[in-house]
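Computation of the quantities below employed the complete heavy-atom set of this structure, encompassing side-chain atoms and omitting hydrogens, waters and symmetry-equivalent molecules.
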Amino acid sequence: QVPLEESGGGLVQPGGSLTLSCAASGSLFVFSGMAWYRQVPGKQRELVAEFNFTPPQIKYTDPVRDRFTISRDEYSVSLQMNSVRPEDTGVYYCNAYSGSFVRDDYWGQGTQVTVSS
């Protein structure tokens with residue numbers, strides 16, 4: 001199991017910005033891609049943004065499109081959150097996936113994001 005650690009969560013005002021980061025124990029090049037999910041208590045985890053590495057492809061869920069940006073370097077993946085809204089509140093989880101025939105998923109422990117005045 002590959003450890004993934006999220007950071008950067010916290011309290012932010014509506015309309016503000018926040019940057020989340022996810023660091024792996026080594027190079028992210030070993031993965032097929034990475035993604036950010038979020039979850040509100042009592043509800044299913046929701047895919048927020050996905051960065052497929054080969055071929056490069058980025059997807060966003062409609063509520064965050066044009067506001068959030070996923071990016072990466074060799075060792076981490078970030079989620080830049082702009083113009084945040086109260087409904088963006090939740091625990092954000094970093095996900096890394098690999099494999100072609102059978103997909104393997106790795107998860108971080110999550111970081112809380114609270115959007116409130």
Side-chain angles (χ1 to χ4, degrees):
Q1 182 171 317
V2 179
L4 297 173
E5 295 187 8
E6 303 96 337
S7 62
L11 177 65
V12 60
Q13 296 182 5
S17 297
L18 198 66
T19 301
L20 307 182
S21 181
C22 175
S25 60
S27 173
L28 301 184
F29 296 161
V30 301
F31 302 118
S32 299
M34 298 186 71
W36 285 96
Y37 289 73
R38 66 186 177 191
Q39 186 172 24
V40 177
K43 293 187 176 182
Q44 186 73 280
R45 286 188 186 184
E46 172 192 27
L47 176 64
V48 176
E50 182 175 2
F51 195 156
N52 191 71
F53 296 158
T54 53
Q57 182 176 324
I58 295 176
K59 296 181 179 180
Y60 298 98
T61 189
D62 286 340
V64 310
R65 187 170 291 110
D66 300 324
R67 298 188 298 116
F68 292 8
T69 302
I70 187 171
S71 61
R72 74 165 181 88
D73 58 26
E74 185 176 357
Y75 300 103
S76 65
V77 167
S78 297
L79 184 69
Q80 177 66 46
M81 306 167 61
N82 296 324
S83 302
V84 296
R85 305 165 181 171
E87 53 263 40
D88 294 323
T89 294
V91 179
Y92 283 69
Y93 295 90
C94 178
N95 164 259
Y97 57 91
S98 62
S100 56
F101 182 71
V102 177
R103 170 167 164 159
D104 295 318
D105 285 278
Y106 308 90
W107 296 91
Q109 294 301 307
T111 184
Q112 177 71 43
V113 173
T114 302
V115 182
S116 176
S117 298

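Residues Asn82 and Ser17 approach most closely at OD1-OG, 2.9 Å, considering heavy atoms. Taking all atoms of both residues into account, the shortest heavy-atom contact from Ala23 to Ser76 is CA-CB, 4.2 Å. Of all heavy-atom pairs between Cys94 and Met34, the closest is SG-CE, 3.4 Å. Shown here for Thr89 and Val40, the closest heavy-atom pair between the two residues is O-CG2, 3.6 Å. Residues Gln39 and Lys43 come closest through the heavy atom pair NE2-O, 2.9 Å.
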>> Working note: Leu79 + Val77, criterion side chain to side chain contact (heavy atoms under 4.5 Å, CB included); need CA distance, chi angles, decisive distance, verdict.
In response: CA-CA 7 Å; Leu79 184 69; Val77 167; over 6 Å; no
> Checking side chain to side chain contact (heavy atoms under 4.5 Å, CB included) for the pair Phe53/Ser32: CA distance, chi angles, key distance, verdict?
Replying inline: CA-CA 6 Å; Phe53 296 158; Ser32 299; over 6 Å; no
> What do the steps show when you test Asp88 against Arg38 for side chain to side chain contact (heavy atoms under 4.5 Å, CB included), and what is the final call?
Replying inline: CA-CA 8 Å; Asp88 294 323; Arg38 66 186 177 191; 2.9 Å; yes
> Between Phe31 and Tyr106, is a side chain to side chain contact (heavy atoms under 4.5 Å, CB included) present by the stated rule, with each step listed?
Replying inline: CA-CA 10 Å; Phe31 302 118; Tyr106 308 90; 3.8 Å; yes
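Heavy atoms from other residues, nucleotides or ligands lying under 6.0 Å from CD of Glu5 number 12 at most. No more than 12 heavy-atom neighbours from other residues, nucleotides or ligands sit within 6.0 angstrom of CD on Gln13. Under a cut-off of 6.0 angstrom, the local environment of CG in Asp73 is crowded, with over 12 non-hydrogen atoms contributed by other residues, nucleotides or ligands.
Distance CZ/Arg72 to CG/Leu28: 7.0 Å, rounded to 0.5 Å. To the nearest 0.5 Å, atoms CG (Leu47) and CG (Asn95) are separated by 8.5 Å. Remark: Tyr97 OH to Asp105 CG distance equals 9.0 Å, nearest 0.5 Å. To the nearest 0.5 angstrom, Phe68 atom CZ is 13.5 Å from Ser78 atom OG.
For Tyr37, the ring pair (Phe, Tyr, Trp, His ring centres under 6.0 Å) partners at least two apart in sequence or on another chain are Trp107. When the ring pair (Phe, Tyr, Trp, His ring centres under 6.0 Å) test is applied to Tyr60, no partner is found at least two apart in sequence or on another chain.
With no hydrogens or angles considered, no side-chain donor-acceptor pair links Asn52 and Glu50 at under 3.5 Å.
Looking at heavy atoms from C-beta onward, Val12 lies out of side-chain contact with Met81 at the 4.5 angstrom threshold. Side-chain atoms of Thr111 and Ser7, non-hydrogen and from C-beta on, never get closer than 4.5 Å to each other.
The main-chain N or O of Gln109 is found under 3.5 Å from a side-chain atom of Glu6 such that the two form a donor-acceptor pair.
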